[in-house]
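Remember, it's 1-based here, ligands and their atoms both numbered in the order they're listed.
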Amino acid sequence: MPNKTTLNEKLELLIDGVWRQGSTGVTEDVINPATEEVIGILPHASTEDMDEALDAAEKAFIEWRNTSAWKRGDILKEAAKILRDRADHVAELLTLEQGKTLPESKGEVIRSVETIEWFAEEGKRAYGRIIPGRDNHSRNMMVTEPVGVVLSLTPWNFPIITPVRKMAAALAAGCTVIAKPSEETPATGIALARAFTDAGLPAGALNVVFGVPDTVSRHFIDSGRIRKLSFTGSIPVGKHLAALAAQHMIRCTFELGGHSPVLVFEDADVEDAAKQLAGFKFRNAGQVCISPTRFYVQDSVHDQFSKIFIDYAKSLNVGNGMDKDVQMGPLANSRRLDAMDEFVQDARDHGATIATGGKRMGNKGYFYEPTVMTEVPEEARIMNDEPFGPLAPIVRFSNIDDVIEQANRLPYGLASYSFTGSSKTAARVADALETGMVGINSVNVSLPETPFGGVKESGYGHECAIEGLEVYLNHKFITQVGT
Ligand code: NAD
């Protein structure tokens, strides 16, 4: 039986195919958010370690880009198989360091396996194009080529699916990768990388480093040797990295925060909507960039919707994600606890009703009550800033034009949701909402085969789907005369 108070995975860096400690001995503690115990000691990479990772990734790129897409796909499929075989182990690491429930962790690992499998096949379809020449002697073509060394920077809320979307797509395209998973949830990223190395990925094709996030990202970006940056995280950090990357004209994908509006119309199946949405809201304790955030419910069904939603929140069994029957784990770090208190206090100050929840649970572990607020004014912070936690404000609306204006009011543009029984309303709303993804009578907007990405300040570029491979490819035009 693995010891449940420490991470059953060696915390190491991966540089040029070798798993090892950092060269300077600097480390940081990894904390279990359910117990606040130190469960691992994570090495930081030194400047020399990072330079070695760059050398290794550049060297490996020559071999990996010239490996056929079929062979690359075979290695990816083997990594997927290894990860599937280790799913229970990896899910346990994930819950221990991040907090979400074991079934949620297992679901995230399996979705990661599916994503690797999907890109293993899609890499074979990095097609070019033949463009008719202007005479019989010329041939015009566009060929795709991998962009080069990729820097992957990922956060703590989904410690495996987020790096997988970057690594699997980049490797399938023929790029090599330097990944910095979150220092707060490192074991899951390490276990993922081990699946790739154990599958026979050549040394240097994937490197894993940890450190002080700003020092690491600056060092790699300023090296001038990174050709593609993919970052998932907050909007302020995304803007900061975009400015750094601009100095070197690095291609970027930014998956940033969201503030997803939900529009529930009176002709919807209200019970189904409330249950789907409440289940989705409290998944991963609300620490989800596409989490439904502002619930606009039409007057005549507002009370019915609110009651079902509030009852669901009250019924949730909150506790250590390792325990059976727990439905919501702790928040991932103490910063989120403080942030929740500030959002709730601010909502109260603005006259909102806290229908259920609204405070920390106990004083050990970062547990917060599933919280639902009603009568929340537009000026309250919760209606404007990303809460990234288990807080749900429900407000009323009366007509479609007003609610669309409300939904599009913020600079965020990641996901939105609408529930209606009318195809006319569904089409109108789907067209009008300014977000990268729209769920109609559904919250399933994130699959390996469908494009995931935001508009406005939620970022640019896509992950998953054919678009998620495309961002790791250059288009080269070749014209040839005299063939
Ligand atoms: P944060 O904004 O400091 O960090 C967000 C992520 O970016 C973390 O993983 C962090 O390690 C990383 N990061 C920070 N500075 C960096 C840098 N200079 N270079 C590279 N990586 C860097 O704050 P936080 O407390 O971790 O999270 C707070 C907010 O971030 C949340 O409220 C939420 O809005 C947002 N967030 C969004 C996502 C997402 O999936 N879009 C994920 C995590 C956090």
Side-chain angles (χ1 to χ4, degrees), residues 28 30-31 33 42 44-45 50 97-100 108 151-166 178-186 188-189 209-222 226 229-245 250 252-260 283-291 293 331-343 366 368 381-382 384-391 410-415 435-437 445-446 452-461 463-464:
E28 80 176 87
V30 181
I31 308 287
L42 179 71
H44 279 196
M50 290 191 271
E97 63 185 6
Q98 198 272 343
K100 69 182 63 164
E108 187 181 336
L151 179 62
S152 156
L153 302 171
T154 49
W156 41 263
N157 56 332
F158 285 96
I160 187 158
I161 190 73
T162 312
V164 156
R165 288 170 174 175
K166 301 173 196 309
I178 299 174
K180 192 197 77 58
S182 168
E183 286 70 21
E184 293 175 280
T185 53
T188 314
V209 297
F210 298 97
V212 176
D214 196 43
T215 310
V216 174
S217 54
R218 265 179 204 277
H219 185 80
F220 284 120
I221 292 170
D222 288 345
I226 298 294
L229 164 67
S230 184
F231 170 77
T232 299
S234 63
I235 292 175
V237 175
K239 288 179 178 174
H240 164 70
L241 294 174
L244 292 180
I250 298 171
C252 295
T253 298
F254 286 109
E255 300 290 353
L256 308 177
H259 203 287
S260 308
R283 192 171 68 108
N284 198 11
Q287 302 161 116
V288 183
C289 52
I290 55 169
S291 186
T293 303
L331 296 169
N333 52 56
S334 59
R335 302 187 299 283
R336 301 291 351 117
L337 270 187
D338 297 340
M340 294 310 103
D341 277 343
E342 284 166 25
F343 275 110
Y366 309 133
Y368 205 85
R381 262 193 69 211
I382 184 79
N384 297 280
D385 296 344
E386 186 177 29
F388 226 63
L391 311 182
L410 298 182
Y412 299 91
L414 195 54
T435 56
M437 293 158 286
V445 296
S446 176
F452 185 96
V455 296
K456 296 162 83 176
E457 294 201 4
S458 291
Y460 46 79
E463 303 205 283
C464 300

Would you mind reporting whether P155 and T162 have side-chain heavy atoms less than 4.5 Å apart? yes
Nearest protein heavy atom to atom 28 (C) of ligand 1, by residue and atom, and its distance? R336 NH1, 3.8 Å
Kindly confirm or rule out an N or O of R335 lying under 3.5 angstrom from an N or O of ligand 1. yes
Judging by distance only, is a nitrogen or oxygen of G233 under 3.5 angstrom from one on ligand 1? yes
Counting only nitrogen or oxygen atoms and a 3.5 angstrom limit, does T232 reach ligand 1? no
Tell me yes or no: between the side chains of E463 and T253, is some donor less than 3.5 Å from an acceptor? no
Which atoms of ligand 1 sit under 4.0 Å from any heavy atom of C289? 39 (C), 40 (O), 41 (N)
Answer yes or no: is there an ion pair linking D214 with R218, defined by an N-O contact shorter than 4.0 Å? yes
Think K100 forms a cation-pi with F158, using NZ or CZ under 6.0 Å from the six-ring centre and within 45 degrees of its axis? yes
Any heavy atom of H240 under 4.0 Å from ligand 1? The part involved is side chain
Under 4.0 Å, heavy atoms only, figure out whether ligand 1 is touched by the backbone of F231, its side chain, both or neither. side chain
Any idea which protein heavy atom is nearest atom 17 (C) of ligand 1, and the distance to it? S217 OG, 3.6 Å
Any atoms of ligand 1 less than 4.0 Å from a non-hydrogen atom of V237? List them with their elements. 2 (O), 13 (N), 14 (C), 15 (N), 16 (C), 17 (C), 22 (C)
Looking at atom 20 (C) of ligand 1, tell me if a protein heavy atom falls under 4.0 Å from it. yes
Any sub-3.5 Å donor-acceptor pair from E183's side-chain atoms to G211's backbone N or O? yes
Any idea which atoms of ligand 1 are less than 4.0 Å away from a heavy-atom of L256? 41 (N)
When you measure from atom 43 (C) of ligand 1 to every protein heavy atom, which one gives the shortest distance, and what is it? P155 CB, 3.5 Å
K456 side-chain N/O to L410 backbone N/O, donor-acceptor pair under 3.5 Å: yes
If you measure from the Lys or Arg side-chain nitrogens to the Asp or Glu carboxylate oxygens, is any gap between R165 and E255 under 4.0 Å? no
For M437, is there any backbone N or O sitting under 3.5 Å from a side-chain donor or acceptor partner on T435? yes
Quick one: which of P159, G389, S234 has a heavy atom closest to atom 1 (P) of ligand 1? S234
Side chain of S458, backbone of G257: donor and acceptor closer than 3.5 Å? yes
Side-chain (R336) to main-chain (F388) donor-acceptor, under 3.5 angstrom: yes
Which label fits H259 and Y412: parallel for a plane angle under 30°, tilted from 30 to 60°, or perpendicular past 60°? tilted
Among all protein heavy atoms, pick the one closest to atom 11 (O) of ligand 1 and tell me residue, atom and distance. P213 CG, 3.7 Å
Test item: E386 side-chain N/O and G258 main-chain N/O as donor-acceptor pair under 3.5 Å: yes
Check whether any N or O atom of K180, backbone or side chain, sits under 3.5 Å from an N or O atom of ligand 1, and answer yes or no. no
For atom 44 (C) of ligand 1, which protein heavy atom lies nearest, and how many Å away is it? F388 CE2, 3.7 Å
Nearest protein heavy atom to atom 23 (O) of ligand 1: under 4.0 Å? no
Just jot down the ligand 1 atoms closer than 4.0 angstrom to any heavy atom of E255, in number order. 41 (N)
Would you mind listing which atoms of ligand 1 come within a distance below 4.0 Å of any non-hydrogen atom of L241? 19 (N)
What protein heavy atom is closest to atom 18 (N) of ligand 1, reported as residue, atom name and distance in Å? D214 OD1, 2.8 Å
If the cut-off is 4.0 Å to any non-hydrogen atom of N157, which atoms of ligand 1 fall inside it? 40 (O), 42 (C), 43 (C)
One pair to check against side-chain contact (heavy atoms from CB on, under 4.5 Å): I226 and I221. What are the steps and the verdict? CA-CA 6 Å; I226 298 294; I221 292 170; 5.6 Å; no
